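Here the structure comes first, spelled out in structure tokens, and everything after it is commentary.
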Amino acid sequence: MNTQATAPSTPAPEADVQDFANMSAALTGFLSSVLKPKLDPVGLARTYYEFALSQAGASQMSALLNAFRAIQKQPPQTIADTLLETEKPNDKVSAQALLAQSIVALWYLGAWYIPGVKGSPGNNCDPGGQCNPGFPPTPLQIVSSEAYTNGLVWKVMQSHPMGYSPFTFGYWSQPPGSLSSFGVNTGNGGGQ
Amino acid sequence: MSAATPQYDVIIIGAGVSGNTIAWQLGLAGKKVLILEAGVAVPDSREEYMENFYLALAKTPESPYPAIAERKSVKDSIVQPDPAKLPTPRATVLGLGGAPDTSYLIQAQPNGRTNPPTDKNGNVRGLQFSSTYERVGGGTSWHWLGTSLRELENDIRMKTKYDVFYDWPVTYTELQPLWAKAEKTIGVAASTAQQEPLQVVGLVYPPGYQYPMGPIPMSIVDQTVSTGVAGMQVPGMLDSEGDTRLYDVFVTPTPQGRNSEPYQDRRVCAGNTNCIPICPIQAKWDPTVTLGEALDTGNVTVSYQSVAVNIAVQGKSVTQIDYLVWSKDASGKLSSVKKSVTGKLYVLAAHAIENAKLLLLSNNKQGICNSSDQVGRNLMDHVLYLSWALISENDNPIWGYRGPLATSGIESLRDGDFRKYRSAFRMEIGNEGWNFSSSDPYNTTMDYIQGTNNAQLNPNKQRLGGLALVQKLNSLFTRQFRIGVMFDQAPLAENRVTLDPTNTDGLGIPRPHIDYGLDPYTMEGFRVAKDVCTKIYQRMGATEFTKPGIGGTGDFTYKGQNYHYYGAGHVMGTHRMGNDPCTSVVDANQRSHDVPNLWIVGSGSFPTVATANPTLTLMALAFKSVQSILSALGS
């Protein structure tokens, strides 16, 4: 089966890719300059934008980007909460916010999770509600090996992707660097 | 045929730890050796396997190695390709509990069956065997953890000391130089001074012994558990009968087969946290290192994609090996050609389950080397209990997901009088957060993106984004840790490998059929281990999340408590060694009692599981076999 997204016949406009990166920065809590550095040999922002576009379709994608553009001057946390509709009950989340969820997962885990498809809950719950561990949803695909090795979740835990360590012998016996040294936007600034 | 000059001095079936070690040593001695390896060749670069791993939708131990899991459509779950269509299918984590079109091993336990019954002896029968293995050049130890503990003296004399199980037909003294050889071959990083406290369980090194290189530093997780258990003692048995002595609980750094300094032209460990399924930089020794050394002798040849199907025996001698050389054409169509080869001596080194399968398959399925009726029996594993917890928010984070997968353990409960009554165990401290227990970081990340609680850390089903998501996940992931407990599982004759009467692989070879269960001796070990884990977490002020249940495959109930067990990949016992040909398959040199020009090697020879991870000792035993093979060749 070919699950590869079809590359668009013409590359997406750079301005859209930049807006996608800025929106992604707010959604993920990272600096835009980390997601889309000036010197960018991997080019994940473009890869992800084009991938998400191919999955979501042009109208949904541009609707989400336009929603971002309308509030892009606001603090990053406000942008994230607005686009992800974090205040709404979980069963009332719009299709647009589900797309935003998949974009967060894409950056965090390097994989495309089909919007709204959830994992399986654990069984054998006790009266307190604690259960056996369930499973996360299975992604449609890992976008590329670079996508895996650049997953943000590993930075969130102040570590490195399992199987891709940039650190040297013995680092594990000492505490890691701060979250900001991993590119997290810990200030409440513009996130650019 | 028998009159002709043998084509090789020694034919070895299987290019894994044992096969490669023996080939290397025989090659150095100038002997001509052929290795028949069922699987594909070792790739020129491990990049190919790394790419498989990076792109795998489930990062299971088998994920880097062919054949790769797939799914038929977007809506389907990921499955292994149908074992009936593959030339060298193998047991996989994704196939566990599956029907024969996904599970290579045919398990007596029907898929999804819950709450298996207890028989009149208190044994729970009809359980799933949960360990897996590889069938590629280099073997399963592509993804061994690297743990290189020596067995304890009482591990190998359980009958004499505790009047249970069997004694090994080798002595502790005899094993010392063999372990040293294996430690040098692997490049084990450790310090004997750091191991000294384990004299309380009988771990002793010859005077002045030093490991080939200095130890691997303890992780912050290790350091935290070590501080947390300081001064802790636990009784040998939970109830007020049996061994109620108090035993010290303490943490020691684990001797590990990964480089703390450059060794054998391989790099120093960079803490990729990926020893299983694959070390990206080969800082961890694996059998392909030794295969390279074997080939460098100029006396060893490997024939890949060569599946042995019959060990031909006349009288008390192997006369030839019949094997199928398989290939796939451009369209992926599988075909094979039957060949035969002769040697003066033969070594079966194909894996504990595959060794038993081939012995039973030979001689037109009448079996060979089986006058004891022990071939395929006593199937054992370091059956594993897993517990997991979060360090308190009031304490410093412990930053898991960093360093080699495991760098320390609690070895101080591996021996004691309690072994008369219940299984001893070692406790392995994990450096990979809740990766093993709960599929993290994937599970908790998706929980907080989607508002679910599948990993049990999002009880309010929050959805977060931006810095709030970062901070929540950081606070959870940097506090996760786990302890895995591995048991000295009892050997049971009814735990066995037979030939499945109906299911075959892509070459038409019968597949292994597994009957498996656990006995009260082993399950009482689980009961004690669960209690010790919980006490450790309480003492550390950590919140335990372990909740083993009775959800289905891999669960059992014992004394009113539910448990989930895992496989450790340490498959043992299927051609056990002993001095008595009536009760064992091979002798102390792993030489068949019945067919003396055949050696049957690997952890299948272990009469008992013991309390150390098996690779180091199975390599030590391979060195012992080499001495007897050279002697039989008249060298």
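On a predicted model such as this, the values are computed, not experimentally measured, just so you know.
- Only the side chain of A/Leu179 comes within less than 4.5 Å of a heavy atom of chain B; its backbone N, CA, C and O stay farther away.
- B/Thr407 has its side chain within reach of A/Trp172: a pair of non-hydrogen atoms, C-beta onward, lies under 4.5 Å apart.
- When B/Thr445, B/Leu469, B/Leu473 are each tested for a side-chain contact (heavy atoms from CB on, under 4.5 Å) with A/Val156, only one passes: B/Leu473.
- Although no hydrogens or angles enter the test, the distance criterion places no donor-acceptor pair under 3.5 Å between the side chain of A/Asn185 and the main chain of B/Leu467.
- Note: A/Pro139 leads A/Ala111, A/Pro139, A/Gly116, A/Ala97 in heavy-atom pairs under 4.5 Å with chain B.
- Proximity to chain B is limited to the side chain of A/Val93, based on heavy atoms less than 4.5 angstrom apart.
- Most heavy-atom pairs under 4.5 Å with chain B: of the set A/Pro137, A/Pro121, A/Gly122, A/Cys131, this distinction falls to A/Cys131.
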Could you go through residues 99-107 of chain A and list every donor-acceptor pair under 3.5 Å that involves a side-chain atom there, pairing it with any protein atom two or more places apart or in another chain?
residue: A/Gln101; atom: NE2; partner: B/Ile449; partner atom: O; Å: 3.3
residue: A/Ser102; atom: OG; partner: A/Tyr113; partner atom: O; Å: 2.7
residue: A/Trp107; atom: NE1; partner: A/Ser24; partner atom: OG; Å: 2.8

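- Taking 4.5 Å as the limit, every side-chain heavy atom of B/Asn274 sits out of range of all side-chain heavy atoms of A/Tyr164.
- In this structure, no portion of A/Glu146 lies under 4.5 Å from any heavy atom of chain B.
- Residues B/Pro441 and A/Met157 meet the side-chain proximity criterion, which asks for heavy atoms closer than 4.5 Å.
- A heavy-atom distance below 4.5 Å is found between the side chains of B/Pro217 and A/Phe169.
- Applying a 4.5 Å heavy-atom cutoff, the residues of residues 85-92 of chain A that approach chain B are A/Glu85, A/Thr86, A/Lys88, A/Pro89, A/Asn90.
- No donor-acceptor distance shorter than 3.5 angstrom exists from the side chain of B/Ser438 to the backbone of A/Pro133, with no hydrogens or angles considered.
- A/Gln158 places no side-chain N or O within 3.5 Å of a backbone atom of B/Trp399 that could act as its donor or acceptor partner.
- A 4.5 Å side-chain heavy-atom check between A/Met162 and B/Leu405 finds at least one atom pair inside the cut-off.
- By the 4.5 Å heavy-atom criterion applied to side chains, A/Ile142 and B/Lys59 are counted as neighbours.
- The contact between A/Phe135 and chain B is made by backbone and side chain atoms together, counting heavy-atom distances below 4.5 Å.
- Here the closest heavy-atom approach between residue A/Gln141 and residue B/Leu57 is recorded as CA-CD2, 3.6 Å.
- The ring of B/Phe53 has its center closer than 6.0 angstrom to the ring center of A/Tyr148.
- For a residue to count as touching a neighbouring chain, one of its non-hydrogen atoms must lie under 4.5 Å from one of that chain's; by this rule A/Leu84 touches chain B with backbone and side chain alike.
- Interface remark: A/Pro166 contributes no atoms to any contact with chain B (heavy atom separation under 4.5 Å).
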